[in-house]
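Have a look at the structure below before the remarks.
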Amino acid sequence: MPTLIAEPTPAHALLDSGHGRKLERYGAHTFVRPETSALWAPAAPDWQADGEFIGGSDEDGGGRWHLSPTVPASFPLAHGAVRFHAAPTPFRHLAFFPDMAPQWDWMRGLTRPHDEILNLFGYTGVASLILADAGARVTHLDASRKAVAAAQANAQLSDLTGIRWLTDDASKFAAREVRRGRRYDGILLDPPKFGRGPEGEVWRIEEHLLPLVSHCAALLDAHSRFLVLTAYAIRLSALTLGELLRQVLAHLPGHIETGEMTLREEARGLLLPTAIFARWSNPAAAARPVPGPVAQG
């Protein structure tokens, strides 16, 4: 079972962790955030940071940022040639997920020019930009108009065009794509454990993941290259996600692997687990067929 390790980069580094918190650097700014996985003691007894998120009393959310006046509302970072904005959000993160970096690079390595890629739950679009920068034709979907607008701003910052932007419910959209007879070369699924669609549709990962992944499997064929499924903050095992993919993708050739996503701490080199994943790849896929016209959402 592989462990994916996000190493420190100029954009992000996990500096220290322990006692239920983590100290991170995002570009030139440092932040402290809650981290339930950090059960150990930190390397340093005292942390100095530009901002700290103080969590609420319940484990599912709440809390607020305490920020230095030196922290801007947003600031640009980069992953390779792709640029994007970081920003302290009310949801305690910084508008992107640095532990996804190994997944971004893995998908880019499998992507070829003109591939059709679907990014469901696309959020602020860093993955979409990285795959578009590799020459793919990306469909980026999120239920939040604000998130899609942030993704479009990131695309402008990176001077990337040609991405298909959609505000829609992921489950409904995937089902429509199946009825249209569409296919994709790669799909990224990064669903929350709970959410709502643009028309108030309720998403619960335990109830709705199987039908969604089944629809995504129907959008892949023997020429497709990958499907990535990640999950944060849920009481499931990576093995659960892997068995789900094995069931719905049994009709396709290729390989499935499961594991944990982690950040490497600079202070001691220890690995902080952040998420679980399962992913399917078909790197020996034949050249993709000539695509038909792009269906509109």
Side-chain angles (χ1 to χ4, degrees), residues 4 6 22 33-37 53 55-56 58-65 84 86-104 107 117-128 138-151 154 165-175 187-216 227-238 240-242 244-245 248 258-263 272-279:
L4 300 186
K22 56 186 174 183
R33 295 189 291 156
E35 179 51 69
T36 56
S37 296
F53 189 91
D58 67 282
E59 64 176 9
D60 293 323
R64 63 186 300 269
W65 283 100
F84 52 92
T89 74
F91 309 104
R92 81 174 58 192
H93 52 75
L94 275 294
F96 77 103
F97 299 97
D99 55 340
M100 284 291 292
Q103 301 282 21
W104 298 334
M107 290 186 291
I117 306 296
L118 175 60
N119 184 8
L120 295 174
F121 309 98
Y123 192 44
T124 56
V126 180
S128 296
V138 179
T139 296
H140 173 105
L141 181 146
D142 198 279
S144 166
R145 290 180 176 81
K146 186 175 181 179
V148 172
N154 284 337
W165 305 104
L166 298 175
T167 301
D168 205 341
D169 176 76
S171 297
K172 289 182 177 179
F173 174 78
I187 298 177
L188 170 59
L189 286 163
D190 185 22
K193 64 179 180 180
F194 177 83
R196 292 189 181 276
E199 303 300 326
E201 303 93 337
V202 175
W203 165 268
R204 292 186 177 90
I205 195 168
E206 296 87 353
E207 299 175 21
H208 301 122
L209 185 60
L210 173 57
L212 175 58
V213 175
S214 297
H215 285 135
C216 289
L227 183 148
V228 174
L229 171 62
T230 63
Y232 289 78
I234 62 174
R235 296 180 177 91
L236 294 178
S237 164
T240 304
L241 301 185
L244 172 61
L245 291 194
V248 301
T258 64
E260 293 197 51
M261 294 161 54
T262 67
L263 297 168
L272 177 69
T274 58
I276 58 176
F277 76 92
R279 63 190 187 189

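In this text the structure is predicted, and so the values were computed from the model without any measurement.
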Distance, nearest 0.5 Å, that separates CG of L118 from CG of L166: 9.0 Å

Nearest heavy-atom approach of S37 to P273 is OG-O, 3.6 Å

Does D99 reach the main-chain N or O of A275 with its side chain, forming a donor-acceptor pair under 3.5 Å? no

Sequence-distant partners of H93, ring pair (Phe, Tyr, Trp, His ring centres under 6.0 Å), two or more places apart: F97, Y123

Is there a side-chain contact between L188 and M100 in this structure, where contact means two heavy atoms from C-beta onward sitting under 4.5 Å apart? yes

Listed partners of F84 passing ring pair (Phe, Tyr, Trp, His ring centres under 6.0 Å), at least two apart: F96

If you compare all heavy atoms of A175 against all heavy atoms of H215, which two are closest, and at what distance to 0.1 Å? CB-CE1, 3.8 Å

Considering non-hydrogen atoms only, spot the tightest contact between L120 and A170 and give its length. CD2-CB, 4.3 Å

Interatomic distance, D190 atom CG to Y232 atom OH [nearest 0.5 angstrom]: 5.5 Å

Correct closest heavy-atom pair for H140 and S128 would be ND1-OG, 2.8 Å

Are the side chain of R92 and the backbone N or O of G55 linked by a donor-acceptor pair below 3.5 Å? no

Taking all heavy atoms of G242 and all of A278, pick out the closest pair and write down the distance. N-CB, 3.6 Å

Atom pair CD1 (I117) and CE (M107), whose distance is rounded to the nearest 0.5 Å: 8.5 Å

Short side-chain to backbone donor-acceptor contact, W65 and T89, under 3.5 Å: yes

Any side-chain heavy atom of P191 sitting closer than 4.5 Å to one from L209? yes

Evaluation steps, side-chain contact (heavy atoms from CB on, under 4.5 Å), between T230 and F121: CA-CA 11 Å; T230 63; F121 309 98; over 6 Å; no

Taking it one step at a time, do L241 and T258 satisfy side-chain contact (heavy atoms from CB on, under 4.5 Å)? CA-CA 7 Å; L241 301 185; T258 64; 5.6 Å; no

Gap between atom CG of L263 and atom OG1 of T274 - 0.5 Å precision: 5.0 Å

The reported gap from NZ in K22 to CG in L272 (rounded to nearest 0.5 angstrom) is 6.0 Å

For side-chain contact (heavy atoms from CB on, under 4.5 Å), just list the numbers for L229 and R279, CA-CA rounded to whole Å, side-chain angles, deciding distance to a tenth of an Å, and then say yes or no. CA-CA 6 Å; L229 171 62; R279 63 190 187 189; over 6 Å; no

Quick check: closest heavy atoms across L212 and A174, and the distance to 0.1 Å? CD1-CB, 3.7 Å

Does F277 reach the side chain of L4, with side-chain heavy atoms less than 4.5 Å apart? yes

Pairs of donor and acceptor atoms involving the side chains of residues 144-151, under 3.5 Å and at least two apart or interchain, shall be tabulated with distances.
unit_1	atom_1	unit_2	atom_2	d
S144	OG	K146	N	3.3
S144	OG	A147	N	3.0

Between L189 and C216, is a side-chain contact (heavy atoms from CB on, under 4.5 Å) present by the stated rule, with each step listed? CA-CA 9 Å; L189 286 163; C216 289; 3.9 Å; yes

